[in-house]
Amino acid sequence: MDNGIRIGVYTCHCGTNIAGIVDVRNVAEYAAGLPGVAVSREYKYMCSDPGQELIQQDIREYALNRVVVASCSPHLHEQTFRTAVAGGGLNPFWFHMVNIREHASWVHLDKAAATAKARDLVRAAVRRVALHRSLEKGRVKIHPDVLIVGGGIAGIHAALTLANAGKHVYLVEREPSIGGHMAKFDKTFPTLDCAACILTPKMSAVRAHRNITLWSYSEVTTVEGYVGNYQVTVRRRPRYIDESLCSGCLECVEACVFKQAKVTDEFNMGLSKRKPIYIPFPQAVPQVPVVDPETCIQFKSGKCKKTCMDACGERHAIDLEMKEATERIEVGSIILSTGFQAFDARRTPEYGYGTYPNVYTALEVERLVNASGPTGGEVVLRDGRHPRTVGIIHCVGSRDEKTNRWCSRVCCMYSLKLAHLIKEHTEAEIFNFYIDMRTPGKGFEEFYQKLREEGVHFIRGRVAEVTDWALDPSEEGSLVIRVEDTLAAFVRRIPVDMVVLATGLEPRSDAQEVRRRFNVSCSTEGFFLERHPKLAPVSTFTEGIFLAGACQAPKDIPDTVAQAGAAAAEALALIDAGFIETEPNTAYVNEESCSGCGTCAPLCPYGAITYSEEVRKAAINQAKCKGCGTCVAACPSGSIAQNLFEDDEIFAEIEGILSYA
Amino acid sequence: MSAFTYFPGCSLRGTGVAYDESLRTLLKVLGIALEELDDWNCCGATSYMAIDEGSAFVLSGRNLSLAREKGNHELLAPCAACYLVLRKTQDYVGRYPAIAEQVGQALSASGLPPLDGVRVRHPLEVLYNDVGTERIRKSVKRKWAGGKVACYYGCQLVRPFAEVDRAHDPTRMDELLRAAGIPTVDYALKTKCCGGSLTGTIHDVGVRLNYIILKEAVRKGAAALATVCPLCQHNLDVYQREIRRSTGEKLDVPVFYFTQLLGWALGSDPDALGLKRQVSGRRLVREWFAEREVAVHG
Amino acid sequence: MPEAFEPRIVAIFCNWCTYLAADLAGTSRLKYAPNIRVVRVMCSGRVDPQFVLDAFASGADGVLLGGCHPGDCHYQEGNYKALRRYHLLRHMLEQMGIEPERFRLEWISASEGERLRVTVDDMVARIRALGPLRLPEEVPAS
């Protein structure tokens, strides 16, 4: 080419991932003959050091000034090759990447057709890259504060990690107290250390930490901005007790005109009652009660004696006129740790939850065996009996085509734990009904072995139903578990006093709303989507927003804590760098041809376009532009262009695809 | 009022004739007209489905096609097996091109139109949705003097389509009977297998399944059962003497069609409801429907 | 004997949803018709109607646009802008004698590899049935 463009084209084998289907030599030979191509090579692994070195060597030797790599998705290695190109002394944006793995070799079986496709894509890239201009990356400053959404163990751990590193954290929790699901557990598997004993100190540390602003009973309502500069509003529901004045003495709860607790206690899974003024559990953080306006007599009739206020006395912490408040904050990064919800056992009616009182969910049993639970740790059935036989049904709402298809990862282990605890508390005979026992963790298989030695029964088979249908007098008054024992190869009926449903973990019902609010994606089943399942497990496709815990996928406490630490580290890396480089794909206005029609300005969701009435021209603020290109496509006079996605580049790509040499 | 194209199927012309009688009588009282599908054939259930699925779909498809040709596309199929096969045919034809082609070819060879556009209905769901419990309540003419009834839904009507009622815990028959003043009991076996055609093939297994259902119903306080399917009714009704003999238990429970009970409550003549055709529990039948004209033979 | 007709389809996918869906189809090893060639843009809102016209003028038998589901746009509402243009452009293409089946806009999220597969196969089948695009004389070819 006489325009001085010298292109190097590199077709990657990716072992046999590409070369198994796409004839890479054919593609490389074809590319060698394209106009402007100075060198074309195939290589086993372009992303390897020698692969990158090859590019840099060729840049020097062949005086290349453009590079095309045909390999995997740009989402994986665009950055790698840009860096390699820059290392060779070229502008990193004199590069274009062609995806012949995810988009060709992995999705087609016909080798000739896949090879033809690879050729077309390479040809398009060669045409496109010739037009690439030099660009500079932009920089965005990172606000050092971090928002953490969700105060379960994930949010708590991430908050403490960041706060200990000296960063300011806003921890927003929807419930009156932090602690999440873990606060409800009795013991934790497989070590059987008490959940409260290991969680409470961390909760107290959150309360005491000067770098943590804790807003419980609050929710994030809006999120605007972008990495480094998020503007967030938080709605703080009125708890009718001033946190700054309350001493946590709980005398108000004692003094409530409700002498007996009469309201369903959510924390205890409805197994006990609370008062309209209450603290969810003794170790709650903040140690401040809440007034529930739905049941408080003052709110309902306005005629309560308000004994709670008398009890509070001089402190005047109770304010029944309290209004909802809104906080506005600026943060540079966000960690989502919104957790999971337990599967609703009513969705598997064959197991009788809600029909038979002695069918329990695992979370209910966590409360039942808990010393601070509704029965003080005594396993008493709803009908007052103590169970002599207990059946634990695994995979309720997991691995099930009718409900949730995924394995919830923790149920096998917590079922073992509950079996152990119930046995310890009651001496009952315990049956576990499982499809497969999944114990892949440190000390897990050993714990399973221990349970077998303790005499817990394990029956392999998916339970067909729980029923009160008695076939003979021995079954009278029992719940009968019907199951095909797939090891013994016959159908069994096992009468028990108590059934425990090992309900699975699923995305929270408002996960879709939340992900929209934070502009992150969900995977098919509804958990938040990580940027890469292996290599970027706590990042999202939105820069500066990270994931921790079960909002990303079901996981146990150790994994959750590890992930929370990782998310905190990612946030720290951003903060300590102080800035982040941004993709130079912003739009800009060609002032000469801009007619001043003003079409573009209202299209920009970021307010990056300003229109000057005076000069009748539009202008784009490069710092605010996010690079979507919507205004570019809309400009009637073609006066807006987009870096990296210039019209001529895209036309060249389209025509390159379709031009058959 | 409304009208349906009626597909009685073979059972309602044979062992299930009381279902046919009571359904016609009841719907007449409610002002619902039935016009029998001309030249209908076997629905394709039972052995056909097991031996040659394709032919079964063709047979079933022919009935649907005839209904479409007839003009009234609301096709009422009281037998649970007919209902299921007709619905299954619609479902499979929509889902699998190969089956659609086989059925389509067979139909066009006989000069019949395609089978789509027909809505298969079941009396339970028609009475619940189109008539409603409120109208039943207002139309009651006789006060129930009998015992509690266990509603037995069987397996085919509620699964897999679950369009007639909830698959695991159906309650619509209970609701209709209670609206007619007939008390019902809840029990866990209302959708369990009645034995189906096993009573004819592996007899002892089939009869045991009958026994389990009957016994559990009685254990829960029922004095009779109500059914929505001719095969269920037949199975549960006719083997009770054999069960008494083999188990030594005093089991003698009338097994009705729900249409018989509703018809009686709404004032119809017991003969017109086929109530004299019961095999088991005749003493109770005599007692409960004790009007002079109830002549129970035997 | 002419070669069997293989439709050529230009796909323009947004970076955040549909391009990732195509990546997911790849990592999941789903198999679909090899007739599409993907051009990546940051947002479906970037798709200038001229890109589509250019593709048809340059020999494409079909054009498939892919964006995020309504409400899910990475840039908040670029996909709505794409939708508005799509409807107008479809009318225009129809008036030019280009069958509407040849131009499609689909919302395919990053997790919907399977939906991508089905969409591509369906579109290829439809265009195969239509045959090659024959532009009327009066439309100047690029």
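Below, chains carry the letters A, B, ... as their sequence lines are ordered, and counting in each starts from 1.
- Chain A forms more heavy-atom pairs under 4.5 Å with one residue of V47(C), L20(C), T27(C) than with any other, namely L20(C).
- When heavy atoms are compared at a cutoff of 4.5 Å, C72(A) does not approach chain C at all.
- If you measure heavy-atom distances from Y80(C) to chain A, you find no contacts under 4.5 Å at all.
- Looking at L76(A) and D23(C), their side chains never come closer than 4.5 Å, going by heavy atoms from C-beta outward.
- Ion pair R46(C)/D647(A) flagged as a salt bridge, since at least one NZ, NE, NH1 or NH2 atom sits closer than 4.0 Å to an Asp/Glu carboxylate oxygen.
- Between the CZ atom in F645(A) and the CG atom in D48(C) there is a gap of 14.5 Å [rounded to 0.5 Å].
- Contacts of N15(C) with chain A are made by both backbone and side-chain atoms, with heavy-atom separations under 4.5 Å.
- Contacts between A33(C) and chain A at a heavy-atom distance below 4.5 Å involve the backbone alone (N, CA, C, O).
- For H91(C), the NE2 atom sits in a loose shell: 12 or fewer heavy atoms of surrounding residues, nucleotides or ligands are nearer than 6.0 Å.
- Looking at every heavy atom in both residues, P49(C) comes nearest to A633(A) through CD-O, 4.5 Å.
- Neither the backbone nor the side chain of D110(A) comes within contact range of chain C; no heavy atom of the residue lies under 4.5 Å from a heavy atom of that chain.
- You'll find the side chain of V38(C) stays beyond 4.5 Å of the side chain of N99(A), heavy atoms only.
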Candidate pair H74(C) and N519(A), rule side chain to side chain contact (heavy atoms under 4.5 Å, CB included), full reasoning
CA-CA 6 Å; H74(C) 191 82; N519(A) 197 11; 4.2 Å; yes
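- Remark: R29(C) CZ is packed, more than 12 non-hydrogen atoms of other residues, nucleotides or ligands lying under 6.0 Å away.
- Counting only distance, with no hydrogens or angles, the side chain of K117(A) and the backbone of I36(C) share a donor-acceptor pair below 3.5 Å.
- With a 4.5 angstrom heavy-atom cutoff, C73(C) touches chain A only via backbone atoms.
- Residue with the most contacts toward chain A among N35(C), V10(C), L30(C): L30(C) (heavy-atom pairs, distance under 4.5 Å).
- How far CD1 of I654(A) is from CD of Q50(C): 10.5 Å, rounded to the nearest 0.5 Å.
- Proximity to chain A is absent for every atom of S109(C), based on heavy atoms less than 4.5 angstrom apart.
- Both the backbone and the side chain of K31(C) come within contact range of chain A, with heavy atoms under 4.5 Å apart.
- Using a distance-only test at 3.5 Å, with no hydrogens or angles considered, a donor-acceptor pair links the side chain of H108(A) to the main chain of Y32(C).
- Across all non-hydrogen atoms, the minimal contact from Y606(A) to Y75(C) is OH-CA, 3.1 Å.
- The two residues R8(C) and L658(A) make their nearest non-hydrogen contact at NH1-O, 3.9 Å.
- For chain A, no part of R117(C) is nearby; none of its heavy atoms comes within less than 4.5 Å.
- The OG atom of S523(A) lies 11.5 Å from the CD atom of E112(C); values are rounded to the nearest 0.5 Å.
- Residue R84(C) touches chain A through its side chain alone, counting heavy-atom pairs closer than 4.5 Å.
- Taking the six-membered ring for Trp and thresholds of 30 and 60 degrees, H103(A) and Y19(C) have ring planes inclined between 30 and 60 degrees apart.
- The part of R515(A) that comes within reach of chain C is its side chain, from C-beta onward, which places non-hydrogen atoms under 4.5 angstrom from that chain.
- Contacts of E114(C) with chain A are absent, with no heavy-atom separation under 4.5 Å from either backbone or side chain.
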Pair I650(A), D54(C) - check side chain to side chain contact (heavy atoms under 4.5 Å, CB included), show working.
CA-CA 10 Å; I650(A) 296 173; D54(C) 184 55; over 6 Å; no
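- Contact of A634(A) with chain C is made through backbone and side chain together, with heavy-atom distances under 4.5 Å.
- By the 4.5 Å heavy-atom criterion applied to side chains, D72(C) and R516(A) are counted as neighbours.
- Closest of all the heavy-atom pairs between E653(A) and R40(C) is OE2-N, 4.3 Å.
- Once rounded to the nearest 0.5 Å, the distance linking CG of N585(A) with CE of M42(C) reads 5.0 Å.
- Classification of the W16(C)-H75(A) ring pair by plane angle, with boundaries at 30° and 60°, yields perpendicular.
- Both the backbone and the side chain of V41(C) come within contact range of chain A, with heavy atoms under 4.5 Å apart.
- When every heavy atom of C43(C) is checked against every heavy atom of T630(A), the shortest pair comes out as SG-OG1, 4.3 Å.
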